[in-house]
Asks: 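One structure follows; several queries about it will come next.
Every value quoted in this text rests on a predicted model; they were computed, and no experiment measured them. One-based numbering, in listed order, for ligands and for the atoms of each.
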Amino acid sequence: MNDVVRALTDALGEGSVLTGEAVAQRATSYWDAAPTRALAIVRPRDTAELAEAMAICHRFDQPVCTQGGKTGCAAGAASTEREVIISLERMNRIEAIDTIGATATVQAGVTLQALQEAAREHELLFALDLGARGSCTIGGNVATNAGGINVLRYGMMRNLVLGLEAVLADGTVLSSMNEMLKNNAGYDLKQLMIGTEGTLGIVTRVVVRLAPLPTSCNAAMVACADFDRVTTLLQRAQRDLGGTLSAFEVMWNNYYTAATEPGGHRPPMPREHPFYVLLQAEGGDPGADATRFERLLEQTLDSGLIEDAVIPQSETERRALWEVRENFEAMLAGRKTFLYDVSLPIRCMADYADEVAQRIHARWPQGRAIMFGHIADGNLHLFVQPESPDADHDASDEAVYGPLKAIGGSVSAEHGIGVEKRGWLGWSRNETELALMRTLKHALDPRNLLNPGRVIEL
Ligand SMILES: Cc1cc2nc3c(=O)[nH]c(=O)nc-3n(C[C@H](O)[C@H](O)[C@H](O)COP(=O)(O)OP(=O)(O)OC[C@H]3O[C@@H](n4cnc5c(N)ncnc54)[C@H](O)[C@@H]3O)c2cc1C
């Protein structure tokens, strides 16, 4: 046992510091089943223990890697053998729900689903939602500024955080547990921790904003003949559903076809349409909301804006439609896949998607670029499957990221930069922005102990 691990064990106790086989038997992440590599895993129970652990790591100049639910898509939580992992897994308490102020105060290791369920018990909604809800944590959601399926209505995680507490690189506790929507007393320091992927501090507690729990939910999967019709449908739904549209998920034909291949999901409608849209509206007036939703579908069918529609008749059927969009495991199994998450102006999306598909096919004639995304917020996901065992990740990155700069797109819509996209950060950020990011990193973590090598090269 080396000196820093001994000091951590002495301070926090053996049960709080895992080493050896207890480290290796854990998977690296949701995406990578390889054994975890790290000097130790530290599992503090509260902020005071974490502050003590960081003070020790600071004293020994020991780099750390922070882990929430390990579902992040940019390998930011994948540790190296020289790092100590800080796991928030035991800081999983929902401390308070204020039904009058509509806020919740939670420890950072609470899973997204646990918070959603706790809010629902009080007839309140925690509006962030994404496929990894059962595993990802609120701290991870803050650190990555997570997006997901409700962004068009409620915004990203940044819009839902009112206050937070974090432990800084030297063990100092920064408490900024604001509960109000309005607070312009000086700098809004919580923003330093949101979307900075654990490079400036470790989030320990969070105050989030809740919303009234909707009492109606209307959903449908519809088919469109081209992308212009998809965007027109989006505008119509936003206008005609009285602000209740909460999700608008678009699947290109190749996503839908792959998701409903034998062994995958049962196709809710034929696989011949160029685009499939899963739209959902949630409101507070069940009768009127259903009428408005049905009217939208009737009118858009009559006018040819949509070609087909499937309306679920039960909660089970509604979930089955969502499974097509959210559960893509079968599509990935046994296939080399490069995962992308870009954003760009919606008006450029159809041409961009065509260009990327052409670039991929030019490079790998048997390959495919499967496309889907949240779209209403300009967010497109891609699975590039080169169908070639020695396919080069860099060539795939060139094909996907290359066309983005000219149209003002971003190499990361919601997954962050982590390790995987670090080389491409300069493609979406200018020199002045990069220099200020480095200044902030130097100011808060001069010894580069927090998630070193993630997000920005120093
Ligand atoms: C099936 C699936 C669907 C997904 N869908 C979406 C989606 O729709 N939208 C979306 O935005 N993301 C999505 N993701 C990605 C992922 O769920 C999010 O990035 C999530 O916010 C990560 O949370 P986590 O707790 O798993 O963080 P981790 O993966 O553990 O960590 C992610 C990053 O945050 C840092 N970090 C974690 N906890 C803390 C903390 N307490 N303090 C400081 N830094 C910390 C880590 O060091 C790392 O850099 C999806 C992932 C999967 C597997």
Side-chain angles (χ1 to χ4, degrees), residues 26-32 36 44 47 50 54 63-79 83 85-92 106-115 128-151 155-158 160 164-169 174 190 192-206 247 249 322-323 325-329 331-332 339 341 343 372-374 377 379-381 383 412-422 445 450-455:
R26 294 183 172 211
T28 296
S29 74
Y30 173 91
W31 303 98
D32 182 356
T36 293
T47 305
L50 176 50
M54 280 314 300
V64 303
C65 166
T66 303
Q67 290 186 345
K70 300 192 289 182
T71 65
C73 302
S79 54
E83 292 171 342
I85 291 172
I86 303 288
S87 168
L88 278 291
E89 65 195 33
R90 293 203 293 181
M91 291 182 60
N92 58 1
V106 301
Q107 286 184 310
V110 165
T111 64
L112 171 56
Q113 188 168 335
L115 174 54
L128 188 82
D129 198 18
L130 48 98
R133 61 183 76 76
S135 310
C136 67
T137 62
I138 297 304
N141 299 152
V142 172
T144 58
N145 185 27
I149 56 184
N150 289 335
V151 171
M156 297 181 76
M157 188 62 177
R158 189 184 302 286
L160 302 172
L164 55 73
E165 176 189 83
V167 172
L168 304 181
L174 170 73
K190 67 176 181 290
L192 290 170
M193 302 295 152
I194 304 175
T196 49
E197 301 180 53
T199 58
L200 301 183
I202 301 175
V203 179
T204 48
R205 296 166 68 224
V206 189
E249 298 292 311
W322 272 101
E323 280 286 300
R325 163 60 184 85
E326 287 193 325
N327 188 345
F328 37 68
E329 305 255 327
M331 200 186 302
L332 307 184
L339 168 67
D341 154 57
S343 65
F372 62 108
H374 310 299
D377 43 40
N379 187 178
L380 182 67
H381 292 307
F383 293 147
S412 174
E414 57 178 15
H415 291 166
I417 294 295
V419 175
E420 290 198 345
K421 298 185 198 167
R422 203 183 46 189
D445 182 17
L450 296 169
N451 279 359
R454 281 73 165 185
V455 184

Asks: Say whether, by atom type as modelled, one donor and one acceptor occur between the side chain of Arg325 and the main chain of Glu323 under 3.5 angstrom.
Replies: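 No, Arg325 side chain to Glu323 backbone: no donor-acceptor pair under 3.5 Å.
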Asks: With no hydrogens and no angle check, is any side-chain donor or acceptor of Arg454 less than 3.5 Å from a backbone partner on Gly76?
Replies: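 The answer is yes, because a donor-acceptor pair under 3.5 Å joins these two groups.
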Asks: Given Cys73, Ala166, Ser29, Ala143, which one has a non-hydrogen atom that is nearest to atom 15 (C) of ligand 1?
Replies: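 Closest candidate by heavy-atom distance is Cys73.
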Asks: Just to confirm my output: which protein heavy-atom neighbour is closest to atom 19 (O) of ligand 1, and how far is it?
Replies: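 Result: Thr144 OG1, 3.5 Å.
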Asks: Around atom 11 (O) of ligand 1, find the nearest protein heavy atom and jot down its residue, atom name and distance.
Replies: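 That would be Gly147 N, 2.9 Å.
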Asks: Look at the side chain of Gln67 and the backbone N and O of Ala77, then say whether any donor-acceptor pair between them is shorter than 3.5 Å.
Replies: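 Pair found, side chain donor or acceptor close to backbone of Ala77.
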Asks: Judged on heavy-atom distance to atom 37 (C) of ligand 1, which of Gly140, Gly131, Ala413, Ser79 sits nearest?
Replies: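 Selected option, by shortest heavy-atom distance: Gly140.
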Asks: Closest approach of Val151 and Asp377, non-hydrogen atoms and distance?
Replies: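 The answer is CB-OD2, 3.3 Å.
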Asks: Can you figure out which of Gly198, Gly76, Gly416, Gly134 has its heavy atom closest to atom 48 (C) of ligand 1?
Replies: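 It is Gly76 that holds the nearest heavy atom.
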Asks: With a cut-off of 4.0 Å, which atoms of ligand 1 are near a heavy atom of Thr137?
Replies: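 Counting from 1, the qualifying ligand atoms are 24 (P), 25 (O).
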Asks: Is ligand 1 under 4.0 Å from a heavy atom in the side chain of His415, in the backbone, in both, or in neither?
Replies: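 Side chain only.
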Asks: Do His381 and ligand 1 have an N or O pair less than 3.5 Å apart?
Replies: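 Not met; the criterion fails.
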Asks: Identify the protein heavy atom lying closest to atom 29 (O) of ligand 1, giving its residue, its atom name and the separation to 0.1 Å.
Replies: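 Its nearest protein heavy-atom neighbour is Gly72 N, 2.7 Å.
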Asks: Could you tell me if Glu414 and His374 have a donor-acceptor pair between their side chains, going purely by distance under 3.5 Å?
Replies: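 Per modelled atom types, His374 and Glu414 side chains form a pair under 3.5 Å.
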Asks: If you measure from each non-hydrogen atom of Val142 to ligand 1, which part falls under 4.0 Å: side chain, backbone, both or neither?
Replies: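 The answer is neither; Val142 stays 4.0 Å or more away.
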Asks: Just by modelled atom types, is the Cys136 backbone N or O under 3.5 Å from a matching donor or acceptor in the Thr111 side chain?
Replies: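 A pair under 3.5 Å: no.
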Asks: Identify the two heavy atoms, one from Lys70 and one from Thr28, that lie closest to each other, and give their separation to 0.1 Å.
Replies: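 Heavy-atom minimum between the residues: CD-O, 3.4 Å.
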Asks: Look at atom 24 (P) of ligand 1 and say which protein heavy atom is nearest, naming residue and atom and giving the distance to 0.1 Å.
Replies: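 For atom 24 (P) of ligand 1, the nearest protein heavy atom comes out as Gly69 N, 3.4 Å.
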Asks: Tell me if a side-chain donor or acceptor on Glu197 pairs with a main-chain N or O of Gly418 at a distance below 3.5 Å.
Replies: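 Flag set: sc Glu197 to bb Gly418 pair under 3.5 Å.
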Asks: Ignoring hydrogens and geometry, is there a side-chain-to-backbone donor-acceptor pair from Lys190 to Val206 under 3.5 Å?
Replies: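 A pair under 3.5 Å: no.
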Asks: For atom 9 (N) of ligand 1, what's the nearest protein heavy-atom neighbour? Residue, atom name and distance, please.
Replies: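 Minimum-distance protein heavy atom for atom 9 (N) of ligand 1 reads Glu414 OE2, 2.9 Å.
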Asks: What protein heavy atom is closest to atom 28 (P) of ligand 1, reported as residue, atom name and distance in Å?
Replies: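 Checked against all protein heavy atoms, atom 28 (P) of ligand 1 sits closest to Lys70 N, 3.5 Å.
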Asks: Looking at Trp322 and Asn327, would you say the former's side chain and the latter's main chain have a donor-acceptor pair under 3.5 Å?
Replies: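 Not confirmed, Trp322 side chain does not pair with Asn327 backbone.
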Asks: Using a 3.5 Å distance criterion without hydrogens, assess whether the side chain of Thr199 forms a donor-acceptor pair with backbone atoms of Asn451.
Replies: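 Judged by distance alone, no pair lies under 3.5 Å.
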Asks: Can you list the atoms of ligand 1 that are under 4.0 Å from a heavy atom of Val203?
Replies: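 Listed by number with element: 40 (C), 41 (N), 42 (N), 43 (C).
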Asks: List the closest protein heavy-atom neighbour of atom 31 (O) of ligand 1: residue, atom name, distance to the nearest 0.1 Å.
Replies: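 Heavy-atom neighbour on the protein nearest atom 31 (O) of ligand 1: Ala77 CB, 3.7 Å.
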Asks: Applying a heavy-atom cut-off of 4.0 Å, say which part of His374 lies close to ligand 1: side chain, backbone, both or neither.
Replies: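 For His374, only side-chain atoms sit under 4.0 Å from ligand 1.
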Asks: Nearest heavy atom to atom 47 (O) of ligand 1 wins, so pick from Val167, Thr66, Val151.
Replies: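 The option holding the nearest heavy atom is Thr66.
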Asks: Within a distance under 4.0 Å of any heavy atom of Gly148, pick out the atoms of ligand 1 and give their elements.
Replies: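 So the answer, numbered in order with elements, is 7 (C), 8 (O), 9 (N).
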Asks: Among Asn141, Leu130, Thr144, Leu112, which residue meets the side chain to side chain contact (heavy atoms under 4.5 Å, CB included) test with Met157?
Replies: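 Only one of Asn141, Leu130, Thr144, Leu112 forms a side chain to side chain contact (heavy atoms under 4.5 Å, CB included) with Met157, namely Asn141.
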Asks: What atoms in ligand 1 come closer than 4.0 Å to a heavy atom of Tyr30?
Replies: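 In order of number, 1 (C), 53 (C).
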Asks: Considering only heavy atoms of Gly201, which atoms of ligand 1 have at least one such atom less than 4.0 Å away?
Replies: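 Here the atoms of ligand 1 in question are 43 (C).
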Asks: In ligand 1, which numbered atoms sit nearer than 4.0 Å to a non-hydrogen atom of Asn451?
Replies: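 With Asn451 as reference, the close atoms of ligand 1 come out as 46 (C), 47 (O), 49 (O).
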Asks: Ignoring angles and geometry beyond distance, decide whether Gly68 reaches within less than 3.5 Å of ligand 1 through its nitrogen or oxygen atoms.
Replies: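 Yes; at least one N/O pair falls below 3.5 Å.
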Asks: Is the backbone of Ala413 close enough, under 3.5 Å, to the side chain of Asn379 for a donor and an acceptor to pair up by distance?
Replies: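 No: the side chain of Asn379 does not pair with the backbone of Ala413.
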Asks: Could you find the nearest protein heavy atom to atom 3 (C) of ligand 1 and give me its residue, atom name and distance?
Replies: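 Looking only at protein heavy atoms, the one closest to atom 3 (C) of ligand 1 is Ala132 N, 3.7 Å.
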Asks: Using the ring of each side chain (for Trp, its six-membered ring), is Phe383 parallel, tilted or perpendicular to Phe328, with breaks at 30° and 60°?
Replies: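 Perpendicular: the ring planes of Phe383 and Phe328 meet at over 60°.
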Asks: Would you say ligand 1 has an N or O under 3.5 Å from any N or O of Ala108?
Replies: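 No: no nitrogen or oxygen of Ala108 is under 3.5 Å from one in ligand 1.
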Asks: Taking only heavy atoms of Ala146, which atoms of ligand 1 are found under 4.0 Å from at least one of them?
Replies: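 Atoms satisfying the 4.0 Å criterion: 11 (O), 21 (O).
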Asks: Hey, is ligand 1 close enough to Trp31 that some N/O pair sits below 3.5 Å?
Replies: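 So ligand 1 has no N or O lying under 3.5 Å from an N or O of Trp31.
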Asks: Would you say the side-chain atoms of Asp341 pair up with the backbone N or O of His415, donor to acceptor, closer than 3.5 Å?
Replies: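 Yes: the side chain of Asp341 pairs with the backbone of His415.
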Asks: Say whether Asn141, considering both its backbone and side-chain N or O atoms, lies within less than 3.5 Å of an N or O atom on ligand 1.
Replies: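 Yes, Asn141 has an N/O under 3.5 Å of an N/O on ligand 1.
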Asks: Tell me the closest heavy-atom pair linking Asp129 and Arg133, and the distance in Å.
Replies: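 Between these two residues, the closest heavy atoms are OD1-NE, 2.6 Å.
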Asks: Suppose I only count heavy atoms of Leu88 and a 4.0 Å limit; which atoms of ligand 1 are within that range?
Replies: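 Answer for ligand 1: 41 (N).
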